[in-house]
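Chain letters run A, B, ... following the sequence lines, proteins first and then strands; every chain starts at 1.
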Amino acid sequence: MRAYDNKIIFAGPVGAGKTTAIGAISDIAPVTTDARASDMTLNRKDTTTVALDYGVLMLDENTKVHLYGTPGQERFDFMWDILSQGGIGLILLLDNTRNNPVKDLQFFLNAFRDMLKAAPLVIGVTKTDLRASPSIETYAALLEKFDMRPPIFEIDARSREDVKKLVLALLFSIDPGLES
Amino acid sequence: MMLSNAPQPQLITVMPVGMDPRKLSVFRMAFRMHHSHQLYQLLDEAPGHVPDLAIVDVDSVDGWNAWHDFRASHPHLPALIVTTTPPRAGEAPAAVLRKPVRIETLFPQMRELLANGRTPAIRLSATVLPAAPAAPPVATAPAAMVAAPASAASDHSAAAAYVASVAPTLDEVISQSQQAHRAAAAAQQQQQSPAPSDLPQLMDLPDPVPEAEHDTAAAASVVRSMLPENQSTPASAGGKISFERFDPSAGLFGLVARLLRQRTAAVIRVREVPVLILLPAQDKALLLQPLETLQPLCSAPSHEVDQQPYANSPVNAAQQEIRPQTLAWQLAIWTCRGRLMRGIATDTPIRLRYWPNLTRLPPIPEAMRITAFLTRTPVNLKLITRLLKVPPEDLFNYLAAAYGIGILDLPSRSPQLSVISTEPVRPGSKVETVAAPSRPQNTSPAPAPSPAKPAQGSGRLLSRLLKKVIGL
Ligand SMILES: Nc1nc2c(ncn2[C@@H]2O[C@H](COP(=O)(O)OP(=O)(O)OP(=O)(O)O)[C@@H](O)[C@H]2O)c(=O)[nH]1
Ligand SMILES: [Mg+2]
């Protein structure tokens, strides 16, 4: 059978912290394709990812789990399809300081719907230190209305502990009985 | 090592083919739940074992190639095919089980396959059953949320197929209770006015049920089953399990949980000393003394705890702000102390409305694992402890904490509700054989076991990833 795709996809809008989150747990210095943001976007950020981010979790010298960050900007959305084939699961990061993060949530669930038919979803909401609302409960109660109960946590993408928890939740969503 | 004098169960190793980790986990759970003279295990968990039979899923991206590759490498291994779209009768190369796979047919089919030895029985019994009703889209099917009305119908069936592929067996086991649970929950919800905001609306606890003898006995046996095997505690050695409950509506925790659920702002006092101000509408609580000092107050009896309206209370003590969820979660742990809350019997179907914000709540061991299981589907204590090897005190603390923040979804006042938690397969349970073609009787000697392939390993990859991430 086809080898199981050893990869985890990080997605989300510009500035949500995808590049940062991959850097927080990767065993290698993340390979990024960030460009100066000035010519790419009107966003407040200095740099933005234009193709993908790449990091690795080494299980042993032969086995790797690949971490891919998709570019936040929609103009690079062709990368989303390429990256999201197969995969262990999707980690969606939302930036609470953006105008309408709930709309971002809907947008990305739609964009990755094909992947999500076969792979689990975990949501991390970043920058809650800068803006506390919507609260995690607001997102979760909204998702519940659609009968969706994915793991959803407040995280700081710069915190390894927080990003770790996203990956753990992904693994236990696949198999609550998983043992190490 | 103690040898039990009970007859040794027959250990059967099943090689999964064409399955991703989620499908594997469903079979793993089904196998764990199955108790008979035969014990089943996945080859992943027993690398090096010689498989006794294979279950081949032909619905992966590889489709039927999964079957062909498998057959080429294991020409003689008995095999069962699982698929949502079975071929026509007589055209399948092996016995076929239609998804969603039912536990009632899975185990008898496997037994029959083993009994018949190497010539796979051509048998489509399961496929000619009336199609099982599509599973309701539970789990995390995203289809419902996406904005694409044109393809709503296909989205729905995709969601149903997705659910069936993720949790066929488990779904089947609990579907009855799930439906009953939903009905009860819906009825309950109708009686309640809608929550004024996004704060979790908590169902009231069922009326305290006087604990009948048998309930206590059942609970004790659950606790016993949770103890690690072969561990004989003084209590269990004497055949007496101490089994403690606590009242989640009492004391400081009970009051905080209730005010949160009612979204009532109040000053909370213990022995007439204000200790905190709860402001649910503003999503905050103000501590009038350090959080740790509330721990001993958690054992204060209800009559020593009271509330005063917020507006009337001048407060000028130093105030530390904390989220009400964090407060309730912490008070639950301090109050519960490993005891089971009243309102949950061993058969009560429990479900979580959604995941708690685990990165920002005081830690409870195994919280991730417990949440992942309880958000999938309603399950009762028996099932939880059988499938997750979690220490009871952690589980009970977790349930109390989940109750405290309003995400514990319990059906209320429905004593007839019960989750199927007994052995899913009863001896002699009838396998549907409607119009099954007569099977060629196979009398050939037992097959030479095929050499075990190295475990195909996606499950093990996840285990190793888990270990890696825990160690980061
Ligand atoms: N204050 C705060 N800053 C954060 C948090 N998470 C991430 N950041 C910062 O947010 C900025 C943006 O993060 P990136 O990782 O570049 O975002 P990205 O998702 O890769 O963005 P694109 O590549 O443009 O799509 C960085 O400066 C991070 O340090 C958080 O929780 N709080
Ligand atoms: Mg980036």
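Residue Asp162(A) holds its CG atom at 11.5 Å from CG of Leu358(B), rounded to the nearest 0.5 Å. Going from atom CG of Leu465(B) over to atom CG of Asn6(A) covers 9.0 Å, rounded to the nearest 0.5 Å. For the atom pair CZ of Arg460(B) and OG1 of Thr63(A), the computed distance is 10.0 Å after rounding to the nearest 0.5 Å. Phe172(A) contributes atom CZ, which lies 11.0 Å from atom CG of Leu462(B) (distance to the nearest 0.5 angstrom). In this structure, NZ in Lys467(B) is found 12.5 Å from CG in Leu178(A), a value given to the nearest 0.5 Å. The structure places CZ of Phe373(B) at 13.0 Å from OG of Ser173(A), a figure rounded to the nearest 0.5 Å.
In this structure, the portions of Leu59(A) lying under 4.5 Å from any heavy atom of chain B include both its backbone and its side chain. No part of Leu361(B) comes within reach of chain A, as not one of its non-hydrogen atoms sits under 4.5 angstrom from that chain. For Asp27(A), the part sitting under 4.5 Å from any heavy atom of chain B is the side chain, from C-beta outward, and nothing else. With a 4.5 Å cut-off on non-hydrogen atoms, Asn65(B) does not touch chain A at all.
Looking at every heavy atom in both residues, Pro176(A) comes nearest to Arg376(B) through CD-NH2, 3.5 Å. Closest heavy-atom contact between Lys468(B) and Leu57(A): CE-CD2, 4.1 Å.
Using a 4.5 Å heavy-atom threshold, the side chains of Leu472(B) and Val167(A) count as separate. No side-chain heavy atom of Arg369(B) sits less than 4.5 Å from a side-chain heavy atom of Leu168(A). The shortest side-chain heavy-atom distance between Leu461(B) and Ile88(A) falls under the 4.5 Å cut-off. In this structure the side chain of Met148(A) never reaches within 4.5 angstrom of the side chain of Tyr354(B), judged on heavy atoms. The side-chain heavy atoms of Arg149(A) and Arg351(B), taken from C-beta on, include a pair separated by under 4.5 Å. Between Ser135(A) and Asp283(B), the closest side-chain pair of non-hydrogen atoms falls below 4.5 Å.
Counting non-hydrogen atoms of neighbouring residues, nucleotides and ligands closer than 6.0 angstrom, the CG atom of Asn99(A) reaches no more than 12 such neighbours.
Of the listed residues (Lys165(A), Lys164(A), Glu179(A)), the greatest number of heavy-atom pairs within a distance under 4.5 Å of chain B belongs to Lys164(A). Comparing Ile152(A), Leu166(A), Ile136(A) by heavy-atom pairs within less than 4.5 Å of chain B, the highest count is held by Ile136(A).
Salt-bridge formation is detected for the pair Arg323(B)/Glu154(A): a Lys NZ or Arg NE/NH1/NH2 atom is positioned less than 4.0 Å from an Asp or Glu carboxylate oxygen.
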